[in-house]
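In what follows, a single structure is set out as structure tokens and then discussed.
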Amino acid sequence: GSVVQLSVCLYMLLAIPIYSIWIVFIDDFALYLGLGDDIAHLAASYIPIMSLYHFIGDGFSDTLGGLMRIDGKAWQMSVVDTSFSVFHTLGIIVGMVRFNFGLVDVAWLEAASSLVYG
């Protein structure tokens with residue numbers, strides 16, 4: 001338990017500055033790669049949302065899921081993970097096909113889903 005707490009604290013201390021740097025410089029990096037102004041603008045809109053998604057999902061949800069698996073609840077977590085993945089994928093498909101979601105809309109859907117499950 002204490003090792004997991006330490007790893008989550010270390011993750012938070014390292015992830016916040018790294019995600020912040022990535023958010024600030026992503027448009028310049030896209031331009032450096034020669035991807036164009038449209039891609040740089042899209043990346044600048046997309047990366048902050050996906051950073052939030054990964055911060056929550058990778059730092060907290062995966063950690064709690066790992067603890068549940070260690071505690072002998074592996075098959076229960078597999079059922080929950082599979083069910084959520086199916087609903088998550090269907091939500092993205094419905095959003096793109098029915099509601100004509102763009103990349104940033106899908107990113108917001110990802111961030112919302114990380115708040116619900118991770």
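From a predicted model like this one, the values you see are computed outputs, not experimental measurements. The basis for the numbers below is simple: all heavy atoms, side chains too, and nothing from hydrogens, waters or symmetry mates.
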Open item on the list: Using 0.5 Å steps for rounding, measure from the CD1 atom of Ile47 to the NE2 atom of His54.
Closed with: 8.0 Å

- [ ] Specify the closest pair of heavy atoms between Ala30 and Ala40, including all atoms of both residues, with the distance to one decimal.
- [x] CB-CA, 3.8 Å

Task: Single-linkage hydrophobic cluster, 4.5 Å side-chain cutoff, Leu35 and Val104 together - done: yes

Task: Pairs touching residues 74-86 that satisfy side chain to side chain donor-acceptor pair (under 3.5 Å), sequence neighbours left out - done: Arg69-Asp81, Asp81-Tyr117

Open item on the list: In this structure, would Leu42 and Tyr32 fall into the same cluster of hydrophobic residues linked by side-chain contacts under 4.5 Å?
Closed with: yes

TODO: Look up atom CD1 in Ile39 and atom CD1 in Ile26, then write down how far apart they are to the nearest 0.5 Å.
DONE: 11.0 Å

TODO: Look up atom OH in Tyr11 and atom CD1 in Ile18, then write down how far apart they are to the nearest 0.5 Å.
DONE: 9.0 Å

TODO: Could you grab the distance from atom CG of Leu52 to atom CE of Met50, nearest 0.5 Å is fine?
DONE: 9.5 Å

Open item on the list: Give me the atom names and distance for the closest heavy-atom approach of Ala44 to Asp27.
Closed with: CB-CB, 4.2 Å

Open item on the list: Please determine whether residues Phe55 and Val24 belong to a single hydrophobic cluster, defined as Ile, Leu, Val, Met, Phe, Trp and Tyr linked transitively by side-chain heavy-atom distances below 4.5 Å.
Closed with: no

TODO: Measure up the Phe29 and Trp22 rings against each other and bin them: parallel (under 30°), tilted (30 to 60°), perpendicular (over 60°).
DONE: tilted

Task: Nonpolar side-chain network containing Val94, other nodes, edges under 4.5 Å - done: Ile92, Met96, Phe99, Phe101, Val106, Leu109

Task: Side-chain heavy atoms of Ser113 within contact of Phe84, under 4.5 Å - done: yes

Open item on the list: Are Ile49 and Tyr53 packed together at the side-chain level, in the sense that at least one heavy-atom pair is separated by less than 4.5 angstrom?
Closed with: no

TODO: Group every Ile, Leu, Val, Met, Phe, Trp and Tyr by side-chain heavy-atom contacts under 4.5 Å, then state whether Leu31 and Ile23 land in the same group.
DONE: no

